[in-house]
Amino acid sequence: MTPFVRIQNIGEFIEQEVTIKGWLYNKRSSGKLRFLLVRDGSATIQCIVSKNDIPAEVFENCDLLTQESSIEVTGRVSRDERSPLGYEIQVSNLSIVQIAEEYPISKKEHGVDFLMDNRHLWLRSSQQHAILRIRHEVIRAAREFFDQRDFILVDSPIFTPNAAEGTSTLFETDYFDGKAYLTQSGQLYGEAAAMAFGRIYCFGPTFRAEKSKTRRHLTEFWMIEPEVAYFNLQDDMQLAEEFVAHLVQSVLKNRLPELKVLERDISKLENIKAPFPKIHYREAVAMIKKENPAFIDGDDFGAPDETIISEKFDRPVIVHHYPAAVKAFYMKRDPQEPEYALAMDMLAPEGYGEIIGGSQREDDYELLIGRIRDHGLPVENFQWYLDLRRYGSVPHAGFGLGIERTVTWICGIKHLREAIPFPRLMQRIYP
RNA sequence: UCCGGCGUAGCUCAAUGGCAGAGCGGGUGGCUGUUAACCACUAGGUUGUAGGUUCGAGUCCUUCCGCCGGAGCCA
């Protein structure tokens, strides 16, 4: 028996006979030679079948193979300068696991809708493979970052009895004799957990029923949300910039080949080191007004406004002190200038827009209950949340980072639907 | 919800109001170093739907459906 080897480790087996198990990615031929490009999920390698070196039956089997047929290939590993991987396999035997039917995804270009209909197969292509490996690295590095800082993972529920910030954007679902809603943020539960553990994060899917049809929106996306007791806005911004820098540097360190597959401009990522520029809302408005005179001071930024700000910097920029009127009820106001909230957003460069939203939370019971009423929210649903301000309330802050937006930016791809294995969009719930 | 764009072969696209076409993929054959290999031959069509204008509609007009992008909202 020859050893069963993953292609990514093939360099350890030079001039040895090995078996690889995978799928036929592509096939070329020249007379009495067959070139089989075989992928196994770890990498792709070219296998050469020479008619004169092997039994006739094995050679004939090569011509039966269709794209994505599953095969086991045995042969001798050699170095080869012509190979992108650096290695080839001279085939001595080949067994067919299954002959694939005509594969819908060809080597030429396809449209987005067709590829999304075939998302379950599209995942096999090299670009999608690279993106999802980078997604894996972003998530791994995110957990590593918080784990190293003694944060405890405390996940929040998916079913919730009420809205965090309003009811218009929630998915409603039957819950026995009543209604439940799919969560749009784990934050309120994160605050409860922070009062229990000091520093926590939650990581899970969140849901927005907004009818958004843009390249920046999904109806189901993943968010990682740290929450820290005794943190103020400054602490929160510092945590956020160190966090994002860690994510980018981890991808550069561990997924450089994948970035190259995506033809990402690496120099744009190498800049991403803390500290990041931080500007007050008022400064941001001044910058926007130079290019968009129609912008009204006091409004939230639109996507074009975010781009105006972010293109001024070579790394993510944090905008803080947004007008309280455009922000959520739970955000604390600045005692010095109460019209502004102790809120911050982080905007990714190159026009990728908001990847983080965070704030210091209102910790005063009376002020918080007033905000809940001002926003027309049912106070009775927030009794447990208000309890956090009755039993040892402390200053605290946190933020949420959108995984898909972050992956989209790091990968330098156009649309975040490719940054999640099976995207859920307003117009798509299949496959 | 609003604004804009697009629906032609399995896929990506072409076709001035006048014979429905190419590349890829499929099939057959050829080639001993191919790199989205190449060469030859071949099969493949209710032009999204319903109506209208016209001697004649893939093309012009209207309806509906689907998709894409953007706005709003947000991660």
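A, B, ... follow the sequence lines: proteins, then strands. Residue 1 opens every chain. Predicted model, so just to flag it, every value in this text is computed and none were measured.
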By the 4.0 Å heavy-atom rule, please label [X] as base, sugar-phosphate, or nothing.
X        : result
A:Gly302 : sugar-phosphate
A:Arg428 : nothing
A:Glu88  : base
A:Asp345 : nothing
A:Gln90  : base
A:Lys51  : nothing
A:Arg215 : sugar-phosphate
A:Gln67  : nothing

Taking the [atom1] atom in each of [N] and [M], what is the distance between them to the nearest angstrom?
N     : M     : atom1 : answer
B:U47 : B:C19 : C1'   : 16 Å
B:C68 : B:C11 : P     : 16 Å
B:A20 : B:G58 : P     : 9 Å
B:G21 : B:U46 : P     : 15 Å
B:G44 : B:U49 : C1'   : 24 Å

With distance as the sole criterion, do the side chain of [X] and the base of [N] form a donor-acceptor contact below 3.5 Å?
X        : N     : value
A:Arg405 : B:C74 : yes
A:Ser212 : B:C73 : yes
A:Thr66  : B:G26 : no

[X] [atom1] - [N] [atom2] separation (whole Å):
X        : N     : atom1 : atom2 : result
A:Tyr25  : B:G25 : OH    : P     : 14 Å
A:Ile356 : B:C74 : CD1   : P     : 17 Å
A:Leu115 : B:C68 : CG    : P     : 12 Å
A:Lys32  : B:U34 : NZ    : P     : 16 Å
A:Lys27  : B:G33 : NZ    : P     : 19 Å
A:Arg28  : B:C24 : CZ    : C1'   : 16 Å
A:Leu170 : B:C74 : CG    : P     : 13 Å
A:Asp305 : B:A71 : CG    : P     : 10 Å

If we ignore angles and hydrogens, is there a donor and acceptor under 3.5 Å between the side chains of [X] and [Y]?
X        : Y        : result
A:Asp147 : A:Tyr201 : yes
A:Tyr330 : A:Glu191 : no
A:Glu227 : A:Gln187 : no

Side chain of [X]: nearest nucleotide among [options]?
X        : options             : result
A:Phe221 : B:C67, B:C74, B:A75 : B:A75
A:Leu33  : B:G72, B:G30, B:G33 : B:G33
A:Met223 : B:A75, B:G33, B:C73 : B:A75
A:Asp113 : B:G33, B:C68, B:A75 : B:C68
A:His415 : B:A75, B:G33, B:G69 : B:G69
A:Glu354 : B:A71, B:A75, B:C67 : B:A75
A:Ile48  : B:C74, B:C68, B:G33 : B:G33

### Query
If each of A:Ser29 and A:Lys211 is mapped to the nucleotide of RNA chain B with the nearest heavy atom, which maps nearer the 5' terminus, i.e. the 5' end?
A:Lys211

### Summary
Judged by nearest nucleotide, the residue sitting upstream toward the 5' end of RNA chain B, A:Met426 or A:Pro304, is A:Met426

### Query
A:Tyr281 vs A:Tyr322 aromatic rings, parallel, tilted or perpendicular, using cut-offs 30° and 60°?
tilted

### Task
Quick one, give me the B/S/- string for nucleotides 6-11 of chain B, reading 5' to 3', where B means a protein heavy atom under 4.0 Å from the base and S means that only happens at the primed atoms, P, OP1 or OP2.
-----S

### Message
Under 4.0 Å from OP1 or OP2 of B:A71: is there any side-chain N or O of A:Arg216 that close?
### Response
yes

Is there a donor-acceptor pair closer than 3.5 Å between any side-chain N or O of [X] and the backbone N or O of [Y]?
X        : Y        : value
A:Lys213 : A:Lys211 : no
A:Lys290 : A:Ala286 : no
A:Glu258 : A:Val251 : no

### Task
Can you establish whether the number of heavy atoms outside A:Arg79 located under 6.0 Å from its atom CZ is more than 12?
no

#### Entry: Presence of salt bridge, A:Glu306 and A:Arg405, under 4.0 angstrom
no

### Query
If you measure from the Lys or Arg side-chain nitrogens to the Asp or Glu carboxylate oxygens, is any gap between A:Asp63 and A:Arg34 under 4.0 Å?
yes

Base-pairing assignment for [N] (Watson-Crick or G-U wobble, both under 3.5 Å):
N     : value
B:A40 : B:U28
B:A22 : B:U12
B:U47 : none
B:C67 : B:G5

### Query
Just wondering, do A:Phe145 and A:Ser250 contact through their side chains at under 4.5 Å, heavy atoms?
no

### Task
Determine if A:Phe35 stacks with B:G33; use a centre-to-centre distance below 5.5 Å and an interplanar angle below 30° as the criteria.
no

